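Quick notes on the structure that follows.
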Amino acid sequence: MTEKISPQLIFEKSGAQKQAWLLPPSSVPVQSFTELTALNLLRKEVLNFPEVTESDVVRHYTNLSTRNHGVDSGFYPLGSCTMKYNPKFNEDLVKIPSFSEIHPLAPPEQSQGSLRIFKDLEQYLAEITGMDHMTLQPAAGAHGELTALLIIQAYFRDKGETNRTKILVPTSAHGTNPASAAMAGFEIITVTCNSNGLVDLEHLQNLVNQDVAALMLTNPNTLGSFEREITTIEKLVHSCGALLYYDGANLNAIMGLVRPGDMGFDLVHLNLHKTFATPHGSGGPGAGPVGVKSFLNQFLPVPVLTETEQLLSWNYDRPKSIGKISGFYGNFAVLLKALSYIKALGGPGLTQASRDAILNANYLRIRLQEYYEIAAPDTCMHEFVLKAKLPNHIRAIDVAKRLLDFGIHPPTIYFPLIVPEAMMIEPTETENRFTLDSFVARMIQIYTEAAESPEILSTAPQNTPVARVDETEAARSPRLRWSPVQD
Amino acid sequence: MTEKISPQLIFEKSGAQKQAWLLPPSSVPVQSFTELTALNLLRKEVLNFPEVTESDVVRHYTNLSTRNHGVDSGFYPLGSCTMKYNPKFNEDLVKIPSFSEIHPLAPPEQSQGSLRIFKDLEQYLAEITGMDHMTLQPAAGAHGELTALLIIQAYFRDKGETNRTKILVPTSAHGTNPASAAMAGFEIITVTCNSNGLVDLEHLQNLVNQDVAALMLTNPNTLGSFEREITTIEKLVHSCGALLYYDGANLNAIMGLVRPGDMGFDLVHLNLHKTFATPHGSGGPGAGPVGVKSFLNQFLPVPVLTETEQLLSWNYDRPKSIGKISGFYGNFAVLLKALSYIKALGGPGLTQASRDAILNANYLRIRLQEYYEIAAPDTCMHEFVLKAKLPNHIRAIDVAKRLLDFGIHPPTIYFPLIVPEAMMIEPTETENRFTLDSFVARMIQIYTEAAESPEILSTAPQNTPVARVDETEAARSPRLRWSPVQD
Amino acid sequence: MNHPYLALNDDERREMLNKIGLNQIDELFTHIPEAVRLQRPLNLPESMTEMELKNYFHLQAGGNNVAGLSFLGAGAYHHYIPAVIEHLAGRSEFYTAYTPYQPELSQGALQAIFEYQTYISELFGLPVANASLYDGSTALAEAIIIAVRETKKQRVLIPAALNPFTERVIRTYTQNLGIQLVALPETDTAQIDPEKLTLELKAGTAAAVVIQSPNFFGILENLPLVIPIIKKYDAVPICSVHPLTLGLLESPGRQGAEIVVGEGQPLGIPLSYGGPYLGLMAVAERFMRKIPGRLVGETTDKNGKRAFVLTLQTREQHIRREKATSNICSNQALCALRAAIYCSLMGPQGLRDIARRMYNNAHYLFAKLREIGLEPMYNSPFFMEFAMKTPQPADYYLKKLLSKGILAGYDLSRAHPYMQNSLLICATEVFAREQLDAFAVEMRCVL
Amino acid sequence: MNHPYLALNDDERREMLNKIGLNQIDELFTHIPEAVRLQRPLNLPESMTEMELKNYFHLQAGGNNVAGLSFLGAGAYHHYIPAVIEHLAGRSEFYTAYTPYQPELSQGALQAIFEYQTYISELFGLPVANASLYDGSTALAEAIIIAVRETKKQRVLIPAALNPFTERVIRTYTQNLGIQLVALPETDTAQIDPEKLTLELKAGTAAAVVIQSPNFFGILENLPLVIPIIKKYDAVPICSVHPLTLGLLESPGRQGAEIVVGEGQPLGIPLSYGGPYLGLMAVAERFMRKIPGRLVGETTDKNGKRAFVLTLQTREQHIRREKATSNICSNQALCALRAAIYCSLMGPQGLRDIARRMYNNAHYLFAKLREIGLEPMYNSPFFMEFAMKTPQPADYYLKKLLSKGILAGYDLSRAHPYMQNSLLICATEVFAREQLDAFAVEMRCVL
Ligand SMILES: Cc1ncc(COP(=O)(O)O)c(C=O)c1O
Ligand SMILES: Cc1ncc(COP(=O)(O)O)c(C=O)c1O
């Protein structure tokens, strides 16, 4: 509530010989460590872990939590992140012991419950995206991208088209796109965009050729614009034999309205931790399922599900598969939450969610455009970007920091890279009009402050546990762990 | 974290036709309400409840929680309240479905698990208090007192001593003592105390006679002092045929050191929500078991447990019982937590808890006595009282409000009533030395501020969600519920 | 000794003793007379670690057997508890706090209770609701005491169909206060008979009349008929209700009741074998300073900002001692918080839907059971609970159905020994049609 | 449409549209080409209310059957999870937050991750730990990529006894990067043979050597012997470990490993059928700017107060795009928080106790199983997991024991088809002696 503790580390609260947890006594006779000693494998110094009580641990992390802002704390219109409400039922769901305590290598007869979750979710996501097959194995969006790009590699290798070494990525794309393509062994070719972040068709036309394996497209793009020329693009890409990849992290804009599969995309990844309401957990875990059209099915990661005589099981016998992308089958508990979310809303509910996400974004866009320049002034989908260039050299960073003072998490700033002083605003469908109106009021207030009392903005935030943080210092002399004071 | 919301009520966040929860559809044919209509029983106006979404509810109460301070938030040395750490395991324990979903009237064959909890806890509490029999039915300390006092009534009625209409209560006693005695139909006679809050023996001697039913004693008393003359008192009371009652809310001071039963007490109540680490829940639920010596057994509330052929069951056939004191058997979930706590610590652990509680209190007492006058300057038990009379008219209330600024919940103030500007400090055994030392430092700082900058104290708190609250206004024109604005 | 729940270790203990000039902890106990000191260790089982406790208590929990389908009510009810409640009431700022005596650091709990008071006031149709009492039964006892104190009369009429557990509690509470509880005669309808009521009231000596509706047999009392009679004779009409029926039924306050109480367990509180539950109470304006327990009021802080605070404390024991309106101190605040969250989640529509569903389910089941040949004990209007006559003693059917995972209801002979062949059956909103049908089918098999 | 998860109702939608000058929501979709618009409703099951979801998923959960006693490991482990972890990681400020890009409003998560980095750095004996990777397998893949980039060599030696799931993952990750994974030959001891290792290293073309210890068969590699050989030939020693063994074992960093990775699931993370888990990684100073994923650094705010912030972000994809050290963006932050809380609860003593208990339990069970006639596959030192030869195919025993509620281990033929009669058995700290004895007894019955 108030700032109760100075930010002491748990290591600095240590008192010798305390224990927050005890192992029960055991009547197993003590076994000899001679082997370990002989091999010189035993730890020589005591671990420098803190020694504290249960209450110390509880207070420490409780207090840390009060120095953090989540969706449950307030508005969080972070663009490209889809900070929608995370239903509480789903948090309980994954704690049902038969779900939380089941070992991934338990025999299939013992894990039909889990396998059914996979099966259903695959089917529903395929329907939502218009794809034929899904893998739920990737642990996050970028991981899904990598999976998809490895599938593309495998596909062309299988076809003998080893010349296809290039991936086209629009400048407005998320950083994971080029990074994933690089990890999959591709060369990245950048496609320029117009001011709406839409693909420069002419440029694209010049780039597509026999070296190109795929175009990675985010649609709606990171400026919130829908790629109107998607049919033209689709033809362009496919006509040269390349594949079309859909970055579906932002699927929240289109559920029930339009499907990547119907637009001609061959592969898609989704961020369940965005569109499907699983919590972000301060940066993960997420889940990044990948959907493909039939002709790519054989390349999906192993294992895939097979169903025989009422028994679901994992099938590893897939010679053309790219292999495994995770240690087991993916972030099961996250998948379970997403499935529950889909079942809670049903088809009409998901469609309504997207419609509301679009309405909320356009509502904010239009209400703010009197004060702020909108990067792509057309109708937007679930998010939009404004240029936070204000009088007196007030910049996006200042606006963001000032919003913190109002308990509002600022929008994404300085992304996409193609917009100067970008502020990317995504309200989501789980915010009501009252919240949107308050946000507009704050943004107008900031606009006024920029002209009249810019020092309020340049010295913001004032109401947060710490003031503006020195990132340069952090990078110049990195301190990446606590060390005991030596003296 | 920061103060995000103005204190809007959930009613003020209502938007028509929203729902945070939906009932599933049903295929049960709709039944007619004609009966209800005919009898004119149907509600005429729509309930003025808010219409909000799940997210609205979650944010609302999450934000309210950040405007509250609990033991998990920081130091909470509230005297007479034993704000010790509440183990997290116990919170999970009561959610085991077989415990949380069992109906109180389920047949005994279906509820042996619950019955065993009662049985074990009764036995352990009897051992800890030195009593012969326990009832776990009372829901709180005051409820336990009432139960005990009704037992005293029943006992004397049974003996035909209907003249015993008076209960002796020392001036230092908790307000529930006289109030409970009144609810049990007794007349209250006040026993004066010396400056240590100890019973004035001479006065007591003058008061004990054939009209007296019992003396209610808190030992250690609310000044934290142990009644040294307990043996004398016991003789005095018993010699006139009256009973000796022990207010065991503060049992935390004496576990394993001394037992009410051994001191000659005939009845005792306990506050499990203090000594036995069950959470206070912002003011309840608690549990206030009562222990009695054998000769009072037959008066205990119904039902009592009986065990036959491996089957535990409730026995209502107790003609001399005072009857029922709760709708069912007591606050089962609270009892379960207390049992778990006892099992976690065992005998030596409970004893150590009391020893540490005493050490912590005396440590604070001695460290503070240079600056503050201690009401009872002798060795204290688990708590002590100081007089917060400081220069420049700074009073206990100011000290308390200033502590809020440091994220410390202030001690109990203005209780016991016999000490002017009382501040009753009870650190408990779950606070470590670092916390105690920080508290001492803050109290010394306040002492200095009182002399040097008293306005800091008189205008405190500054760091809390609201400033000093106007209690007079609240009482003068009570607004006890929200009302829709009429215009 | 080191233990996860204890803050100090031996070194610290020693250092702290030194710092305050002592050598041994025992020096702190010298003022406890040797004669009464415990000279042996407590005789308790060995301490258990968390892992052991978990095993132990799961084993114990196995001794309970929660029926898959339960039609048991009789004062505690199976209702659905939305997931949100535990998430919010489980926030440690709420559950590890004490009574909000320091308002500046307790606005969260205070505001939540203020909202709770509003909900109960709204639901019951009376202006003043308190911050909670122990449970529905003690709430009724306290209500009776208010009425007796206010009217300075000692006679209180209670209905024959009062919940028998509640009746035992109010008898316990009132036994030494000179209060005379007079049971109204039983009737064929299991309802209060207005004529017999009038007879009892005529003398003008009654302080209050208690009405429970739905009553113990699930039957609705005719409040519009009965309350005016009570008022006519200057007695206080006290109503005891099941809060969720009020999604559909008119609030007793609007029908003239001056004190309304109820068991709040249905409002998002788990059954937990009988507790903790929640005593609901709302009163008419004239009883505002007579109401027991805590009250939260709205006020301002010294900057004029809205704030909440415990108020009218001069009614309470810590100030008024033996002259307090009640001895209650700790109440059931966390349960009240749950109830507030429950009401927030439900809204007017949710409460209405649940009430209708209960009514529907119960009446559907009632019809089904009649179809298979069971006869009702009474022919009066009921809400979600009803009593049926059984050919054999009820216990026989209970046992038979339990073996199928169905807890068929409450054997009325447990409360009223002469009601040997009678089963009290409750159908709340939790049932789907198939489950009601299944009950009827299984019942037919054993008839 | 009204739904508890949707914020708007029809009125609001209409008003908002009006406010922004529109009549119909469809006007907002006109820029979506008609040709690609979905012209039918999504073909999904009907929406379910929370009550229905609860019933539905409990039913589904019933399709899983968690064995009462499970000796299954092979990469995911049964460990006790203290109650505190869920209470704290379940605080919504943590779990509903995004990546802490705005440090002023995210100090809680940032500090917790900083502490997590400290724990992993300390445990692994290397100065720089990142904020987490997806799981232990992808962490190893990333480690290999670091080493290859740093050394500019392409050959990476991997042990024969590497976890086969992990091996598949690193093969997938490296398949298009020109990296050559060379499996070291199998040996009778299931350990890396120093001579064969030397042979493979001699040419000096190896970028790195991977060591897993305990390896897939539970066997400890001789790090003090092997690591110096690797270093001698300028390859990067990469170790993959089970973090809880390090309560007892020397940290690989202190033994010379330059990159240490591991599966963090044992640190307070539920098994959850395979995820989410936690990829642990720590590296030597020289790899600080090569490490993938996020890093939290300590710094100050503009008033000089201690603060934490994401740092060295120029390694990351959102800034460096295709030149980033990795594509990872979202990681497993909440799992890292759990691990930090786990380490805080355990302290040095707790970790040591657990490691010893695992060692003790496994060696005791091993001896018991030998007594009843089972033979080990290898005679090398192991920690808490070991492989036994079975007279019949392992599957036979697995099935038999499952019917007694015992999951006897991992049938090695699932990973290595030629290991038909071999069972991999794991005994962590969760077992009491009686349970180990019970396993041996039941096993004897079916031998
Ligand atoms: C458009 C887009 N693509 C990809 C990603 C990467 O997803 P993840 O962070 O789950 O790896 C994101 C996440 O921010 C995104 O917004
Ligand atoms: C000494 C003493 N007696 C009795 C009580 C009353 O207990 P409860 O609040 O549980 O009714 C208290 C609680 O504050 C107390 O401290």
Side-chain angles (χ1 to χ4, degrees), chain A residues 20-21 23 27-28 31 35 47 49 51 57 61 64-65 67-72 96 98 100-102 104 110 112-114 139-140 142 175 178-180 182 185 188 263 279-286 323-324 327-328 331-333 346-347 352 366 432 464 466-467 469 473-474 479 481-482, chain D residues 1 7 20 36 42 44 47 61 63-66 88 91-93 95-99 103-105 107-109 118 121 134-135 137 168-169 172 176 270 272-276 297-299 301 307 311 317-318 321-322 324 327 329-334 344-345 347-348 353 360 363-364 381 433:
Chain A
W21 188 86
L23 196 63
S27 56
V28 170
Q31 310 290 311
E35 286 178 335
L47 274 172
F49 277 23
E51 299 182 81
V57 175
Y61 291 100
L64 284 190
S65 79
R67 298 161 67 85
N68 224 49
H69 178 97
V71 174
D72 284 6
I96 297 175
S98 310
S100 68
E101 292 173 12
I102 186 92
Q110 310 290 307
Q112 289 297 300
S114 292
S180 299
I188 285 77
M263 289 187 267
H280 281 92
S282 292
K324 282 185 75 56
F328 295 101
N331 285 344
F332 172 70
Q352 187 67 53
I366 292 174
N432 62 28
T464 45
V466 296
V469 166
E473 182 198 322
R479 271 172 292 163
R481 59 158 287 178
W482 166 83
Chain D
M1 173 186 228
I20 58 174
V36 296
L42 285 172
L44 293 174
S47 81
N64 282 348
N65 192 350
V66 177
L88 297 174
R91 300 261 318 163
S92 63
E93 293 92 333
Y95 79 79
T96 72
Y98 201 75
T99 307
E104 296 84 0
L105 219 50
Q107 286 297 300
T118 305
S121 159
Y134 302 135
D135 65 9
S137 297
R168 293 197 85 146
V169 173
T172 305
N176 297 303
S272 296
Y273 202 61
E298 185 181 334
T299 181
D301 76 357
T311 193
Q317 44 70 32
H318 62 284
R321 302 180 76 83
E322 61 265 30
N327 69 332
C329 178
S330 289
N331 55 20
Q332 308 283 111
L334 199 69
S344 303
L345 286 166
D353 290 345
N360 251 350
H363 285 76
Y364 174 78
R433 179 177 183 162

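On a predicted model such as this, the values are computed, not experimentally measured, just so you know.
Each of A:Pro104, A:Gly70, A:Ser98 has some count of heavy-atom pairs under 4.5 Å with chain D, and the biggest count is that of A:Pro104. Most heavy-atom pairs under 4.5 Å with chain D, from the set A:Gly323, A:Ala140, A:Ser27, A:Ala182: that is A:Ser27. In terms of heavy-atom pairs under 4.5 angstrom with chain D, the leader among A:Pro285, A:Gly346, A:Gly327 is A:Pro285. Per-residue heavy-atom pair counts under 4.5 Å with chain A were compared for D:Gly63, D:Ala97, D:Ala333, and the maximum is reached by D:Ala97. No other option in A:Ser100, A:Gly347, A:Gly185 has as many heavy-atom pairs under 4.5 Å with chain D as A:Ser100. Of the listed residues (A:Gly281, A:Ala333, A:Pro279, A:Ala142), the one with the most heavy-atom contacts under 4.5 Å to chain D is A:Gly281. If you tally non-hydrogen atom pairs under 4.5 Å between each of D:Thr299, D:Val66, D:Leu334 and chain A, the highest count goes to D:Thr299. Looking only at heavy-atom pairs under 4.5 Å with chain D, the residue among A:Glu101, A:Glu35, A:Gln110 that has the most is A:Gln110. The choice from D:Thr311, D:Thr96, D:Leu42, D:Leu88 that makes the most heavy-atom pairs within less than 4.5 Å of chain A is D:Thr96. Residue with the most contacts toward chain A among D:Ser272, D:Ala109, D:Ser137, D:Ala7: D:Ser272 (heavy-atom pairs, distance under 4.5 Å). For chain A, the option among D:Asp353, D:Asn64, D:Leu44 with the highest count of heavy-atom pairs below 4.5 Å is D:Asn64.
Between the CG atom of A:Asn68 and the CD atom of D:Gln107 there is a distance of 9.0 Å, given to the nearest 0.5 Å. Expressed to the nearest 0.5 Å, how far CH2 of A:Trp21 lies from OG of D:Ser344 amounts to 14.5 Å. The line from OG1 of D:Thr99 to CG of D:Asn331 is 7.0 Å long, rounded to the nearest 0.5 Å. Atom OH of A:Tyr61 sits about 8.5 Å away from atom CG of D:Leu345, to the nearest 0.5 Å.
In this structure A:Phe332 satisfies the ring pair (Phe, Tyr, Trp, His ring centres under 6.0 Å) test together with A:Phe99, A:Phe118, D:Tyr273, sequence neighbours excluded.
Both the backbone and the side chain of D:Arg321 come within less than 4.5 Å of a heavy atom of chain A. At a 4.5 Å heavy-atom cutoff, the contact between D:Asn360 and chain A is made by backbone and side-chain atoms alike.
You'll find the side chain of D:Gln317 reaches within 4.5 Å of the side chain of D:Cys329, heavy atoms only.
Of the N and O atoms on the side chains of A:Arg481 and D:Thr118, not one donor lies less than 3.5 Å from an acceptor on the other residue. There is a side-chain donor-acceptor pair under 3.5 Å between D:Arg433 and D:Tyr364.
Between A:Arg67 and D:Glu104, no side-chain nitrogen of the basic residue sits less than 4.0 Å from a carboxylate oxygen of the acidic one, so the salt-bridge criterion is not met.
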